[in-house]
J.: 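After the structure tokens below, expect a handful of questions from me.
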Amino acid sequence: MKAAGRILNRSILLLGFVSLFTDISSEMLYPVLPVYLKSIGYTALWIGILEGLAEATAGLSKGYFGKLSDDKGRRMPFVQLGYLMSALSKPLLVLFVQPFWVLACRVTDRLGKGIRTGARDAVLSDECLPENRGKVYGFHRAMDTTGAVIGPLMAIIWLWHHPGQYAVLFLAALLPGLAGVACTFLVREKKLDISPAKERKPFFSFLTYWKQSGDGYKKLAGALVFFALFNSSDVFLLLIAKQHGLSDTHVILAYVFYNLIYALFSMPMGMLADKAGMKVSLCLGLFFFVIAYAGMALTRDTTLIYIFFFIYGLYAAATDGVSKAWVSKLVPKSETATAIGFLAGATSVAAVVASTLTGLAWQMAGSSVALMASAIAAGITCVYFLLRVREQG
């Protein structure tokens with residue numbers, strides 16, 4: 001019990017609950033957001049543009065605010081502000097339905113994510129020991145993804161009894177969001193032994209980190225960004241599930257099932273990374289991705305769809321928290337938020353490109369070709385990691 005308490009201390013546990021409550025709030029709305037937007041007049045094209053702009057905002061701001069956190073030598077003010085912005089922006093979507101205000105609400109939500117991500121992940125890095133980084137990040141992803149299981153289930157239950165009543169759902173999402181914000185004020189921040197930078201940096205100043213970073217970080221980040229260029233939104237997996245004959249309810253349940261597997265296996269995969277190495281876990285995850293995407297592209301059996309969502313959940317558990325833990329091993333503590341922010345920003349922008357390219361391939365060559373292209377890119381990335389990337393950089 002003593003070792004477990006040392007690994008999962010007060011700050012790590014509290015940040016886990018912050019992510020749990022926040023993801024309950026977010027994922028209550030994720031499955032119904034496209035339906036709601038269509039109900040107020042948005043076309044599929046405008047929904048795509050809206051989400052693209054929102055994700056690009058989150059991606060670029062992660063790098064800037066991660067570097068700003070390092071420069072200021074502070075973490076928790078960024079964490080608190082970021083979670084508060086996201087919590088307050090969600091219910092505003094039903095109070096203001098004009099296109100400009102809907103865009104402003106979505107951008108505010110994603111900007112909040114950008115402000116908090118690098119600083120929060122740096123706190124996790126500061127609180128863990130070198131030998132348990134994978135477990136700590138895995139625990140955090142497990143808590144985060146448990147919220148992604150609870151949230152959609154709450155949405156399904158509500159809409160089952162109250163079809164089409166989205167407004168109450170959006171307003172209810174405020175409560176777990178504020179609970180997450182409250183938890184951030186209980187986290188005790190460690191003081192960093194650095195002098196805060198007085199010079200105000202331009203918004204894109206974090207991009208210079210690539211030049212000053214070490215070779216190990218460049219190889220890791222470069223490979224992950226390449227993969228992100230082909231790793232499109234999960235929406236496409238939900239679309240192919242629908243295309244293969246699953247009902248709307250079963251599509252949402254498949255998404256919940258994926259998140260449940262993701263949550264259950266995040267911590268075990270983190271422990272595997274600590275024992276066998278970050279590269280082993282990441283390559284295993286990419287292998288799972290290849291199976292899931294290739295399987296989804298080729299199968300027509302609805303039962304197999306659930307099996308491939310199970311495998312896709314294993315991919316997410318083996319890669320997401322592990323990649324952040326690996327970055328935190330390669331860089332000094334004073335650069336952790338910048339390094340994670342830069343990578344998060346680059347992969348977020350790449351993901352916008354990936355979703356656009358996948359959508360075009362889907363339309364021009366069919367869904368199977370689009371998903372197989374992603375599977376092939378994952379295989380190439382896995383081979384690159386095995387041959388070219390070393391654990392210690």
Side-chain angles (χ1 to χ4, degrees), residues 1-24 26-27 79 113 116-150 180 183 187 220 224 227 231 234 256-289 292 309-331 336-337 339-340 343-344 347 382 385 391-392:
M1 290 300 292
K2 185 178 180 181
R6 187 162 55 97
I7 292 171
L8 302 179
N9 62 26
R10 172 191 171 95
S11 295
I12 293 170
L13 287 170
L14 281 170
L15 286 175
F17 280 104
V18 170
S19 284
L20 171 70
F21 288 128
T22 301
D23 245 44
I24 290 174
S26 298
E27 298 294 337
V79 176
K113 184 176 180 64
R116 70 184 183 248
T117 297
R120 181 204 63 206
D121 290 338
V123 172
L124 290 174
S125 176
D126 293 341
E127 293 290 339
C128 65
L129 300 173
E131 62 269 21
N132 61 43
R133 291 179 192 273
K135 184 174 183 179
V136 167
Y137 280 93
F139 166 77
H140 188 265
R141 290 310 307 167
M143 292 290 282
D144 186 286
T145 311
T146 299
V149 174
I150 297 171
C183 287
V187 178
L220 173 62
L224 292 175
F227 171 56
N231 184 12
D234 292 345
V256 171
F257 177 61
Y258 147 72
N259 277 307
L260 178 62
I261 300 305
Y262 185 0
L264 289 175
F265 283 90
S266 285
M267 198 163 178
M269 286 296 183
M271 295 169 69
L272 173 67
D274 286 333
K275 291 181 179 180
M278 304 290 175
K279 185 164 80 169
V280 171
S281 181
L282 203 58
C283 287
L284 181 62
L286 290 170
F287 176 69
F288 287 140
F289 183 97
F309 268 109
F310 175 89
I311 296 172
Y312 189 61
L314 294 179
Y315 144 75
T319 57
D320 194 357
V322 170
S323 63
K324 293 176 181 178
W326 193 348
V327 167
S328 71
K329 283 181 64 176
L330 295 174
V331 302
T336 305
I340 292 177
L343 178 58
T347 52
C382 184
F385 270 115
E391 180 89 7
Q392 299 301 327

J.: CD1 of Ile261 to CG of Leu314: how many Å apart, nearest 0.5 Å?
T.: 7.0 Å
J.: Taking the side chain as every heavy atom from C-beta outward, state whether Tyr262 and Val149 have any pair of such atoms under 4.5 Å apart.
T.: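 A side-chain contact under 4.5 Å is absent here.
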J.: Taking Ser11 for its side chain and Val187 for its backbone only, find out whether a donor-acceptor pair lies under 3.5 Å.
T.: no
J.: Using a 3.5 Å distance criterion without hydrogens, assess whether the side chain of Thr145 forms a donor-acceptor pair with backbone atoms of Ala142.
T.: no
J.: If only atom types and distance count, is the side chain of Ser19 paired as donor or acceptor with the main-chain N or O of Gly16 below 3.5 Å?
T.: no
J.: May I ask you to say whether Lys135 pairs ionically with Asp274, meaning some side-chain N is under 4.0 Å from a carboxylate O?
T.: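 Judged by the 4.0 Å cut-off on N to carboxylate O distance, Lys135 and Asp274 do not form a salt bridge.
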J.: What's the spacing between Asn132 CG and Glu127 CD if we round to 0.5 Å?
T.: 11.0 Å
J.: Nearest 0.5 Å, what's the OG1-CG distance between Thr336 and Asp121?
T.: 10.0 Å
J.: CZ of Phe287: more than 12 outside heavy atoms within 6.0 angstrom?
T.: no
J.: With a 4.5 Å heavy-atom cut-off, do Leu343 and Leu224 have their side chains touching?
T.: yes
J.: In this structure, which one of Phe309, Tyr315, Phe310 forms a ring-ring contact (aromatic ring centres under 6.0 Å, His included) with Tyr312?
T.: Tyr315
J.: Which pair of heavy atoms, one from Ala339 and one from Val331, lies closest together, and at what distance?
T.: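 Of all heavy-atom pairs spanning Ala339 and Val331, the closest is CB-CG1, 3.9 Å.
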J.: Please check: side-chain N/O of Ser323 versus main-chain N/O of Asp320, any donor-acceptor pairing under 3.5 Å?
T.: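 Yes; at least one donor-acceptor contact below 3.5 Å.
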J.: Side chain to side chain contact (heavy atoms under 4.5 Å, CB included) with Thr22: which of Arg116, Lys113, Glu27, Met143?
T.: Arg116
J.: Does any part of the side chain of Trp326, heavy atoms only, come nearer than 4.5 Å to the side chain of Lys279, both counted from C-beta?
T.: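 Sidechains of Trp326 and Lys279: in contact.
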